[in-house]
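Notes follow the structure.
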Amino acid sequence: MIRDSLRMGDPRLLTVAQPVERFGTPELEALLLDMFDTMQAANGAGLAAPQIGVPLRVVIFGYADEAERNPRYPDAPVVPRTVLINPQLQPLSDAKEEGWEGCLSV
């Protein structure tokens, strides 16, 4: 099911997402399917659950095959469908990248 994407300024995007505590549930599987449907419909490259109003630490990106390739990024390398649940990020250096954000919520 395609869900509405929240836009910058929506206060729900400012809340801290909660960790996923139950894995392998029908609810989590349905959320992941909805996220991939929503990302594909919006020609996105990735999506976080809070962007569709679900305050959980879930992130997806990539696509299933060449037929699903993102038209916004035609020269991008193939990236397999990937699901991150409760990711913990750690910077590898102090280097910063400057550029435009491609976020579906911006």
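Small disclaimer: the values here were computed from a predicted structure and weren't measured.
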Original post:
Should Met35 and Leu56 be counted in the same cluster of Ile, Leu, Val, Met, Phe, Trp and Tyr side chains packed under 4.5 Å apart?
Top reply: yes
Original post:
Can you get from Phe36 to Ile85 by hopping between Ile, Leu, Val, Met, Phe, Trp and Tyr side chains that sit under 4.5 Å apart?
Top reply: yes
Subject >> Partner of Ile52 by side-chain contact (heavy atoms from CB on, under 4.5 Å), out of Leu47, Ile2, Leu6 >> reply: Leu47
**OP:** With sequence neighbours left out, write down each residue that passes side chain to side chain donor-acceptor pair (under 3.5 Å) with Arg57, or none if nothing qualifies.
**Re:** none
Original post:
Can you name the residues that form a side chain to side chain donor-acceptor pair (under 3.5 Å) with Ser105, not counting sequence neighbours?
Top reply: Gln51
Original post:
Can you find a pair of side-chain heavy atoms, one from Val78 and one from Tyr63, that are under 4.5 Å apart?
Top reply: yes
**OP:** Taking the side chain as every heavy atom from C-beta outward, state whether Pro50 and Thr15 have any atom pair closer than 4.5 Å.
**Re:** no
Only counting residues at least two apart or in another chain, list the ones meeting salt bridge (charged side-chain N to carboxylate O under 4.0 Å, His left out) with [X].
| X | result |
| --- | --- |
| Arg7 | none |
| Arg81 | Glu68 |
| Asp37 | none |

Which atoms form the tightest heavy-atom contact between [X] and [Y], and what is the distance?
| X | Y | result |
| --- | --- | --- |
| Tyr73 | Ala45 | CE1-CB, 3.9 Å |
| Pro87 | Val59 | CG-CG2, 4.5 Å |
| Asn86 | Phe23 | ND2-CZ, 3.8 Å |
| Ser5 | Thr38 | OG-CG2, 3.9 Å |

Acceptor/donor pairs from residues 26-34 side chains to any protein atom, 3.5 angstrom cut, sequence neighbours excluded:
{"residue": "Asp34", "atom": "OD1", "partner": "Met1", "partner atom": "N", "Å": "3.0"}
{"residue": "Asp34", "atom": "OD2", "partner": "Arg3", "partner atom": "NE", "Å": "3.0"}
{"residue": "Asp34", "atom": "OD2", "partner": "Arg3", "partner atom": "NH2", "Å": "2.9"}

Original post:
Any donor and acceptor pair, going by atom type alone, linking the side chain of Arg12 with main-chain N or O of Gly53 inside 3.5 Å?
Top reply: no
Original post:
Hey, what do you get for CE (Met8) to CG (Leu104), rounding to the nearest 0.5 Å?
Top reply: 13.5 Å
